[in-house]
Amino acid sequence: MLFDNHHRPISYLRLAVTDRCNLRCFYCMPEEGIRYVPKKELLTFEEIERLVRLLAEMGISKVRITGGEPFVRNDLMKLLNAIVGIPGIEQVHLTTNGVLTAPHVSNLKALGIASVNLSLDTLDRQRFRDITRRDEFDRVWETFQALVKNDIPTKINAVVMDGKNTEDIRPLAALTKEYPVSVRFIEEMPFNGEGQHYPVLHWTHSRILAELTRIYPTLERRPDPPHATATHYQVPGHPGDLGIIAAFSRTFCGTCNRIRVTAQGDLKTCLYDSGVLNLRDLLRLGHSNATVKDILLGAFSNRPKDGFEAESRRSSPDIVESMSTIGG
Ligand code: SAM
Ligand code: SF4
């Protein structure tokens with residue numbers, strides 16, 4: 001097993017395969033003026049595969065494919081196929097906005113994808129359009145139905161935004177009555193390519209919980225799986241469950257087992273750091289696997305203890321990255 005300098009196991013890689021996206025979510029990207037990474041600066045499929053093999057040999061057993069929108073990258077299914085076959089990788093998960101996903105769902109099932117996180121902040125078509133700046137609700141809903149039909153464990157991720165979708169907390173939570181899915185409400189983070197949207201965060205994890213408890217007074221706390229970022233709840237009698245992710249308040253750092261690799265190969269040992277080294281450059285310089293592993297071990301032994309320490313160590317103090325480059 002792989003451990004960091006705070007004795008936390010590292011077993012989970014979140015890999016962004018592109019920074020490009022077919023939506024423009026308010027909380028993630030500005031509407032215009034996005035500068036995508038030039039294609040030659042993205043990790044190639046061969047580089048990704050080599051990296052995952054290497055990390056699997058070191059102790060990574062779980063991989064999440066994310067982006068940008070993963071399905072915007074050509075031949076994504078080919079890459080997924082390669083990653084599920086890497087020895088040591090026990091679970092491959094996917095995070096998607098669902099716009100292009102529905103036609104691939106039965107193949108995802110056949111590949112044995114462990115779960116899919118579908119980002120969906122509202123069930124109202126007009127609000128979907130306002131938040132994502134694209135009229136794609138119907139295709140996302142089609143993906144949701146296909147995931148449920150194919151029995152793929154599904155989590156809906158909804159970012160809670162003041163003045164944008166708080167009226168959606170109720171209908172989104174109500175999905176757990178009809179479907180065996182997990183609906184997770186996420187605090188908005190300042191990774192929108194511009195900085196913070198609010199001087200203070202209005203919808204904190206405790207306010208979200210208060211709202212869920214108001215809607216469902218019988219709401220029950222459920223045990224959280226190891227290394228979970230969400231705190232779990234369930235309405236008695238509902239097949240699905242609810243989660244709240246304190247992504248901005250950062251209450252879960254003590255058990256964090258994740259590292260991130262961005263589409264251009266930056267290694268992040270914390271969501272809030274500004275990248276600790278570039279793996280694409282290391283690979284393209286022709287280093288051996290043993291050297292790359294040594295360099296990775298060096299980075300893992302210098303992990304900040306939490307997101308606040310990571311933020312204080314940033315090369316530039318302002319957070320202006322878009323989440324589309326990080327992968328969530
Ligand atoms: N495009 C895919 C999608 O939307 O599912 C994958 C990438 S997206 C960056 C991954 C997750 O990050 C999504 O669930 C999205 O809601 C979340 N996210 C993006 N920006 C965020 C922000 N500023 N605060 C909180 N969550 C954010
Ligand atoms: Fe695209 Fe996902 Fe960001 Fe929305 S959250 S703009 S779908 S990368």
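Order of listing sets the numbers, starting from 1, for every ligand and every atom in it.
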Checklist entry - Looking at atom 1 (Fe) of ligand 2, is one of the N, O or S atoms of Cys25 less than 2.8 Å from it? => result no

Checklist entry - Should one rank Gly328, Gly193, Gly68 by closest heavy-atom distance to atom 6 (C) of ligand 1, which comes out on top? => result Gly68

Next on the checklist: Distance under 4.0 Å to a non-hydrogen atom of Thr66: what atoms of ligand 1 satisfy this?
Outcome noted: 6 (C), 7 (C)

Checklist entry - Does the side chain of His205 come within less than 4.5 Å of Thr251's, by heavy atoms? => result yes

Next on the checklist: Closer than 4.0 Å to some heavy atom of Cys21 - which atoms of ligand 2 meet that?
Outcome noted: 1 (Fe), 6 (S), 7 (S), 8 (S)

Checklist entry - So how far is it from Thr231 OG1 to Phe252 CZ, rounded to the nearest 0.5 Å? => result 10.0 Å

Next on the checklist: Check contact between Gly67 and ligand 1, using heavy atoms of the residue and a distance below 4.0 angstrom.
Outcome noted: yes

Checklist entry - For ligand 1, does Ile326 get within less than 4.0 Å through its side chain, its backbone, both, or neither, judged by non-hydrogen atoms? => result neither

Checklist entry - Do Lys78 and Phe45 meet the cation-pi criteria used here (NZ or CZ under 6.0 Å from the six-membered ring centre, within 45° of the axis)? => result no

Next on the checklist: Show the atoms of ligand 2 that are less than 4.0 angstrom away from any heavy atom in Asn97.
Outcome noted: 7 (S)

Next on the checklist: Would Arg221 pass as a cation-pi partner of Tyr233, given that its NZ or CZ must be under 6.0 Å from the six-membered ring centre and within 45 degrees of the axis?
Outcome noted: yes

Checklist entry - Does Asn192 reach ligand 1 with a nitrogen or oxygen that is under 3.5 Å from one of the ligand's nitrogen or oxygen atoms? => result no

Checklist entry - Does the cation-pi check pass for Arg250 over Phe248, that is, NZ or CZ under 6.0 Å from the six-membered ring centre and within 45° of its axis? => result yes

Item to check | Among Cys25, Gly98, Ser119, Cys28, closest by any non-hydrogen atom to atom 14 (O) of ligand 1 | outcome: Ser119

